[in-house]
Chemist: 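My questions will all concern the structure given below.
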Amino acid sequence: MKNEIEIPQQLSALREFTAARIAIGRAGNSIPLKQSMEFKLAHAHARDAVYSTLDIDGLFTRLEVFGFPVLHLHSQAANRHKYLKRPDLGRLLNDDYKERLNCNVTNPDIAIIIADGLSAEAVNGNAYSLLKILIPKLLDAKLTVGPICLVEHGRVAIGDDIASGLKARFSILLIGERPGLSAADSMGAYLTYNPQPGLTDESRNCISNIRKHGLSYKHAADKIFYLVSESFRRKLSGVGLKDNAGLLGES
Amino acid sequence: MYSFTVRNRVYRFKDLKTLLAKASPYRTGDALAGVCAESYEERVAAQIALADVTLKTFLNKVIIPYEKDEVTRLIIDSHDVAAFSLIGSFTVGEFRDWLLGDEIDKIVLESIAAGITPEMAAAVSKLMRNQDLIAVAKKCEVITKFRNTIGLRGHFSTRLQPNHPTDEPKGVAASIIDGLLYGSGDACIGINPATDSPAAVLNLLNLIDTLRQQFDIPTQSCVLSHITTTLDLINQGAPVDLCFQSIGGTEQTNTSFGVSLALLDEAYEATLSLKRGTVGQNVMYFETGQGSSLSANAHHGVDQQTCEVRAYAIARRYKPLLVNTVVGFIGPEYLYDGKQIIRAALEDHFCGKLLGLPMGVDVCYTNHAEADQDDMDNLLTLLGVAGCNFIMGIPGSDDIMLNYQSTSFHDALYLRKTLGLKPAPEFEQWLIKQGITNGEGDLLSVNSSHKLLSGIL
């Protein structure tokens, strides 16, 4: 484009060292159109991810393969707008669904909960692939696994409500993370020993950026399995466990 | 008890903090806290009732008990009665009209700043439209100095924010060079470190300091670590220009940040003792943002804007170089959309300036807020008109470490060009000397032989 100022090669070479949007040139004083559109597209992906919805049918079909009951649950946030404005409601299970939970109390070692969080796309795309590796490892270690719960408009702490309702000893909650411009489909895994309503984030361990082009399913499953084993051994999760997790190495 | 009657309906507000909260323009954070007005009518009734409250009332009736909160104690104990005398007879409503008067200029506003408490500033802001907030803020001129002079009328600065997700030195340096070539970085070169480890922070401090000295850049550096980390590094002899800390408007909020006035006093004295400033000794850099007290469950039923302004009482105790309200970072449960973010930013900028602070704004949003670049363009332009001291400068608006969108290097250029604003004078001279801009402030083409591009990596 004629108005664009040429970018010296030494400057664009600096891109090797960072993913930041450096050396993008300018059109007058403004960001050139190409880069402006790239940014807009990334933001559009993030926005679409925030408003994406759980693929309930697709997830049911795939998750039933594991042979556990799959439960469809809902938080107290009635819709996305409510969910965004009232994080407190996203942390609580809708009363209408408590019965469904009560029929499935199996006192498992581990409850698995999948919540949309801020990107349903993330769990639609990543949850099954991770569980396919993780669940056999848990079963091999003689851990019992409870129903798999799918939660709409859920935040992290809703796992406490659900897992304690199932009388589970441990919860693994997979949730869509807040979309960024570089990735809108990052999934997080939150691990909580002895899940009870009222716990806060320092009681959990978190593994972040699980996605095809981020932390791989295999590596994520290894990390989760390691933390689960350590949690059961030391009877705790969260900050106290994190200090000793150096064995995991770099992601 | 305060009340106002609209068409036979009597609205009663049981105390001052309730009145302030109900008079606040709507935002999600106050709804989440359960303190906002329940109808449009109640909000206006509260505003009309608030207009009749005298400014003296705020000295006699504190909204968080004096015994329970050191921020309240600071506000009351540091109140300047002489400075207050000029406005001491006003109601909040009269104060609003008076502030807008033609004869009220920078000199008058400076003379009363120490007599205005945060609650008075918050109260009057709630009666003002965005236009009023801009018009009065524009009258203020808050100038601060370290290695350059920030806040002069007609000047507009940027904090160059070269964050990197793993603090990779070459990645950080690449963003710094990029920013400098766009004329960014006169407020400071300030990095949010990915970890608070002292060794990592020290590396970054040394990195910026080396660059600064190599190219003789008249600016200051800051690594935004926790104040205890900075204090330790000062004691180890690290090159600390500015001492950073996030602060909030209640003692409990600050406890959640791991700070207290005593700790801030200690860090301030330690940073001052280094005497690294060349044209002045404003050594503190504070960040704030509406919603932090609610987020820390430490708001005492006070609305989020009033909590925010109370944090400014802490800031002004330390004569900071920079105060930055990070307005859209906190998320939609506190400020839902572009409208709420813009309103909050203008309130913060106005209240800070009225209290005598060098206000800058991180014009920003997250991807789950109902906001986009157009909202940020609007806010940026409004702040430029209002005389905001500085904004952030981030490669392409995209902070790859903090995962939010703020203003780009280009945004600052747009504002300078459109409103005829210049960088800090010392920095402007440096840009001309480096062949980055011409005397008109226009960017020059950078060629491959530019010395900022040679041999630094």
Side-chain angles (χ1 to χ4, degrees), chain A residues 5-32 35-36 38-40 42-51 80-90 117-119 155 177-184 186 200 209 250, chain B residues 28-29 31-32 162-165 168-175 177-179 181-182 331-334 336 366-370 372-373 394-405 408-418 442-450 452-454 456-457:
Chain A
I5 313 293
E6 205 181 318
I7 305 163
Q9 192 270 329
Q10 278 88 339
L11 190 56
S12 48
L14 297 179
R15 284 202 202 108
E16 182 193 335
F17 305 111
T18 179
R21 293 171 196 254
I22 61 166
I24 59 179
R26 56 192 174 89
N29 279 334
S30 300
I31 292 177
Q35 284 78 7
S36 181
E38 280 171 10
F39 180 100
K40 235 178 176 173
H43 186 241
H45 289 151
R47 296 296 294 153
D48 285 340
V50 169
Y51 286 96
R80 237 344 57 175
H81 288 284
K82 203 76 177 169
Y83 176 81
L84 291 171
K85 287 179 179 175
R86 292 286 304 272
D88 51 327
L89 298 179
L118 284 167
S119 171
R155 291 194 185 252
E177 298 182 318
R178 192 178 87 197
L181 291 190
S182 48
S186 259
T200 53
N209 197 29
E250 284 304 304
Chain B
T28 40
L32 182 62
N163 295 344
H164 187 279
E168 165 58 38
K170 286 182 177 178
V172 170
S175 289
I177 299 301
D178 194 51
L181 291 172
Y182 286 106
E333 62 269 43
Y334 301 91
Y336 189 67
T366 57
N367 287 328
H368 60 322
E370 293 290 325
D372 60 19
Q373 293 299 97
I394 292 172
S397 289
D398 177 8
D399 189 311
I400 57 169
M401 200 284 279
L402 293 172
N403 278 316
Y404 77 124
Q405 285 90 252
S408 64
F409 303 137
H410 300 73
D411 288 335
L413 294 173
Y414 145 77
L415 204 68
R416 282 178 182 160
K417 184 79 178 171
T418 309
D442 293 328
L443 275 192
L444 301 171
S445 287
V446 175
N447 66 45
S448 292
S449 62
H450 197 282
L452 278 172
L453 288 171
S454 56
I456 61 121
L457 293 174

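Proteins get letters first, then strands, A, B, ... in listed order; numbering begins at 1 in each.
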Chemist: Can you tell me which portion of B:Leu444 sits under 4.5 Å from chain A's heavy atoms? Options are side chain, backbone, both or neither.
Modeler: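 Answer is backbone: N, CA, C or O of B:Leu444 sit under 4.5 Å from chain A.
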Chemist: Heavy-atom distance under 4.5 Å to chain A: side chain of B:Ile400, backbone, both or neither?
Modeler: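 Answer is side chain: those atoms of B:Ile400 sit under 4.5 Å from chain A.
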Chemist: Side chain, backbone, both or neither: which part of A:Leu118 has a heavy atom under 4.5 Å from chain B?
Modeler: side chain
Chemist: Please identify each residue that fulfils salt bridge (Lys or Arg N to Asp or Glu O under 4.0 Å) with A:Glu38, with sequence neighbours left out.
Modeler: A:Lys34
Chemist: Chain A: which of B:Ser445, B:Gly396, B:Gly29 shares the most heavy-atom pairs with it under 4.5 Å?
Modeler: B:Gly396
Chemist: Please determine, among B:Arg416, B:Glu168, B:Glu370, B:Met401, the option with the most heavy-atom pairs under 4.5 Å with chain A.
Modeler: B:Glu370
Chemist: So do A:Leu14 and B:Asp178 actually touch side chain to side chain, heavy atoms under 4.5 Å?
Modeler: no
Chemist: Would you give the length of the straight line joining atom OG of B:Ser175 to atom CZ of A:Arg21, rounded to the nearest 0.5 angstrom?
Modeler: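 The CZ atom of A:Arg21 is 12.0 Å from OG of B:Ser175, to the nearest 0.5 Å.
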Chemist: Taking B:Tyr404 for the side chain and A:Gly180 for the main chain, is one N or O donor matched with an acceptor at less than 3.5 Å?
Modeler: no
Chemist: Is there a side-chain contact between A:His81 and B:Tyr336 (heavy atoms, below 4.5 Å)?
Modeler: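 The answer is yes; the side chains approach within 4.5 Å.
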Chemist: Between A:Tyr51 and chain B, with a heavy-atom cut-off of 4.5 Å, which part of the residue counts as in contact: side chain, backbone, both or neither?
Modeler: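 For A:Tyr51, the contact with chain B is made by the side chain alone.
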Chemist: Tell me, for A:Arg86 versus chain B, whether the close heavy atoms (under 4.5 Å) come from the side chain, the backbone, both or neither.
Modeler: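 Both parts, backbone and side chain.
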Chemist: Considering only heavy atoms and a distance below 4.5 Å, find which of B:Ser397, B:Ser408, B:Ala369 pairs most often with chain A.
Modeler: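 Ranked by heavy-atom pairs under 4.5 Å with chain A, first place is B:Ala369.
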Chemist: Hey, does A:Pro87 have a side-chain heavy atom less than 4.5 Å from the side chain of B:Leu32?
Modeler: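 Side-chain contact under 4.5 Å: yes.
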Chemist: If you define the side chain from C-beta out and look only at heavy atoms, does anything of B:Leu181 sit under 4.5 Å from A:Leu11?
Modeler: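 The answer is yes, as the side chains (C-beta and beyond) meet within the 4.5 Å cut-off.
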Chemist: For a 4.5 angstrom cut-off between non-hydrogen side-chain atoms, does B:Gln373 reach A:His43?
Modeler: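 When only atoms from C-beta onward are counted, A:His43 and B:Gln373 do not touch, as no gap falls below 4.5 Å.
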Chemist: Can you list everything that forms a salt bridge (Lys or Arg N to Asp or Glu O under 4.0 Å) with A:Lys82? Sequence neighbours excluded, please.
Modeler: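 Checked A:Lys82 against salt bridge (Lys or Arg N to Asp or Glu O under 4.0 Å); zero matches.
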Chemist: For the side chain of A:Asn29 and the backbone of B:Tyr414, is there at least one donor-acceptor N/O pair under 3.5 Å apart?
Modeler: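 It does not hold such a pair.
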Chemist: Report yes if the side chains of B:His410 and A:Ile24 come closer than 4.5 Å at any heavy-atom pair, otherwise no.
Modeler: yes
